[in-house]
Amino acid sequence: MRSVKKLLALFLTAGTVFCLAGCAGTGAEAPSQQEASAPAETEAEKVLVAYFSATGNTKNAAENIAEITGGDLYEIIPAEAYTEEDLDYGNDQSRTSLEMNDPDARPEIAGEALDLEGYDVLYLGYPIWHGQAPRIMDTFAEQYDFDGMTVIPFCTSGGSGIGSSAETLEELAGSGSWLEGQRFSSGVSEEELQEWIDSIQ
């Protein structure tokens, strides 16, 4: 009788140890509910705001866009700066008039070439001259490869619309995924820009 009790006690002890080991192993392998439902982290898009501005209006808009998006800022600077006389749009012999009347004009851009590596989104800003983007924007569009990038044109003007300027630049570039352009007044507010950016994100 005593030996039967000892044998029974041994079976009970072994069974308890087996159950404890099994439960511990199951708990270690099963992920918690929090781990299983945690969303995968996505890398934020890298934004560049590139712009040409002769009078400062487009510059102000570009700086605000860069601040809102957290993007880097790049100014497209002409090798030969535009003077006040150059910007006399009413004079058909002024530099701007002559350039805009010549579809092959390509004003040179000053400084080192821009490195677009790693950027996902490009906000591209310019004023409207004679109903189109300044010819220096043609230079910029033809100079770079925008493959893999989303290009978002914007312009500033006193009264003219964006017209076909964005489509013309897209055609000259021949690369990138271009969204519809947007025209802003010369005194566009940060709130207006924020609303526009929110609408396209």
Side-chain angles (χ1 to χ4, degrees), residues 47-69 71 73-111 114 121-144 146 149-197 199-200:
V47 176
L48 174 67
V49 183
Y51 70 94
F52 166 68
S53 184
T55 62
N57 294 327
T58 307
K59 178 180 181 179
N60 291 336
E63 289 176 342
N64 282 329
I65 292 171
E67 185 174 345
I68 293 166
T69 61
L73 200 60
Y74 174 80
E75 183 175 5
I76 301 168
I77 301 175
E80 181 185 349
Y82 288 90
T83 66
E84 189 174 342
E85 290 76 18
D86 291 337
L87 300 174
D88 184 358
Y89 312 117
N91 180 358
D92 60 7
Q93 292 303 306
S94 71
R95 178 182 170 192
T96 52
S97 295
L98 292 173
E99 285 180 356
M100 298 311 296
N101 287 329
D102 179 5
D104 296 323
R106 295 293 183 272
E108 185 181 350
I109 297 173
L114 176 63
V121 177
L122 170 64
Y123 286 87
L124 189 59
Y126 51 88
I128 292 293
W129 289 357
H130 294 263
Q132 284 291 334
R135 295 298 181 199
I136 195 169
M137 297 304 298
D138 296 355
T139 307
F140 182 85
E142 292 176 341
Q143 186 172 341
Y144 293 101
F146 305 106
M149 299 182 69
T150 299
V151 183
I152 308 172
F154 67 95
C155 70
T156 59
S157 73
S160 302
I162 194 168
S164 61
S165 62
E167 288 85 352
T168 299
L169 292 175
E170 178 181 7
E171 186 177 340
L172 289 171
S175 60
S177 177
W178 290 63
L179 301 188
E180 184 178 355
Q182 181 68 35
R183 177 261 176 193
F184 297 104
S185 64
S186 56
V188 60
S189 68
E190 189 171 348
E191 290 74 20
E192 289 177 271
L193 293 169
Q194 179 75 68
E195 287 181 13
W196 171 60
I197 291 167
S199 73
I200 57 179

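FYI, the numbering just counts along the sequence from 1.
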S.K.: Any chance you could lay out the side-chain contact (heavy atoms from CB on, under 4.5 Å) test for Met149 and Tyr144, step after step, and finish with the verdict?
M.R.: CA-CA 11 Å; Met149 299 182 69; Tyr144 293 101; over 6 Å; no
S.K.: Step by step, work out the side-chain contact (heavy atoms from CB on, under 4.5 Å) result for Thr83 and Asp86.
M.R.: CA-CA 5 Å; Thr83 66; Asp86 291 337; 3.1 Å; yes
S.K.: Roughly how far, to the nearest 0.5 Å, is the CD atom of Gln194 from the CD1 atom of Ile65?
M.R.: 10.5 Å
S.K.: Side chains of Ile109 and Ile77: does their closest heavy-atom pair fall under 4.5 Å?
M.R.: no
S.K.: How many angstroms lie between atom CD of Glu170 and atom OG of Ser177, to the nearest 0.5 angstrom?
M.R.: 8.0 Å
S.K.: Using a 3.5 Å distance criterion without hydrogens, assess whether the side chain of Arg135 forms a donor-acceptor pair with backbone atoms of Asp102.
M.R.: yes
S.K.: Testing the basics here: between Trp196 and Ser199, what is the closest heavy-atom pair and its distance to 0.1 Å?
M.R.: O-OG, 2.6 Å
S.K.: Can you name the nearest heavy-atom pair linking Leu73 to Ala62, along with the distance?
M.R.: CD1-O, 3.6 Å
S.K.: Can you check side-chain contact (heavy atoms from CB on, under 4.5 Å) on Tyr126 and Ile162, steps first, answer last?
M.R.: CA-CA 10 Å; Tyr126 51 88; Ile162 194 168; 3.8 Å; yes
S.K.: Please round to the nearest 0.5 Å and tell me the distance separating atom CD1 of Ile197 and atom OG1 of Thr69.
M.R.: 6.0 Å
S.K.: Taking the side chain as everything from C-beta on, heavy atoms only, tell me whether Ser157 gets closer than 4.5 Å to Arg183.
M.R.: yes
S.K.: Do Trp129 and Ser160 come within less than 4.5 Å of each other through their side chains, counting heavy atoms only?
M.R.: no
S.K.: Do the side chains of Phe154 and Leu193 get nearer than 4.5 Å, heavy atoms only?
M.R.: no
S.K.: Taking the side chain as everything from C-beta on, heavy atoms only, tell me whether Thr96 gets closer than 4.5 Å to Tyr89.
M.R.: yes
S.K.: Please find the pair of heavy atoms, one from Gly125 and one from Thr58, that lie closest to each other, and give the distance.
M.R.: C-CG2, 3.7 Å
S.K.: Rounded to the nearest 0.5 Å, how far apart are CG of Leu124 and OH of Tyr51?
M.R.: 12.5 Å
S.K.: Looking only at atom types and distance, does a side-chain atom of Thr139 sit under 3.5 Å from a main-chain N or O of Pro107, one as donor and one as acceptor?
M.R.: yes
S.K.: Could you report the tightest heavy-atom contact between Asn64 and Glu190, atom names first, then the distance?
M.R.: OD1-OE1, 4.0 Å
S.K.: Under the side-chain contact (heavy atoms from CB on, under 4.5 Å) rule, what do Glu85 and Asn91 come out as? Steps first, then yes or no, please.
M.R.: CA-CA 9 Å; Glu85 290 76 18; Asn91 180 358; over 6 Å; no
S.K.: In the structure I gave you, are the side-chain heavy atoms of Phe52 and Glu75 within less than 4.5 Å of one another anywhere?
M.R.: no
S.K.: Please find the pair of heavy atoms, one from Ile128 and one from Cys155, that lie closest to each other, and give the distance.
M.R.: CG1-SG, 3.7 Å
S.K.: Taking Ser175 for its side chain and Phe146 for its backbone only, find out whether a donor-acceptor pair lies under 3.5 Å.
M.R.: yes
S.K.: Would you indicate whether the side-chain heavy atoms of Leu48 and Leu114 approach each other to under 4.5 Å?
M.R.: yes
S.K.: Do Glu192 and Ser189 meet the criterion of a side-chain donor-acceptor pair at a distance under 3.5 Å?
M.R.: yes
S.K.: Nearest 0.5 Å please: distance from the OG atom of Ser94 over to the CG atom of Asp88.
M.R.: 5.5 Å
S.K.: Could you tell me if the side chain of Tyr123 sits less than 4.5 Å from the side chain of Leu179, heavy atoms only?
M.R.: no
S.K.: Which atom names give the shortest non-hydrogen contact between Asp92 and Leu98, and what distance separates them?
M.R.: O-CD2, 3.7 Å
S.K.: Could you state the interatomic distance from CD (Glu167) to CD (Glu180), rounded to the nearest 0.5 Å?
M.R.: 7.5 Å
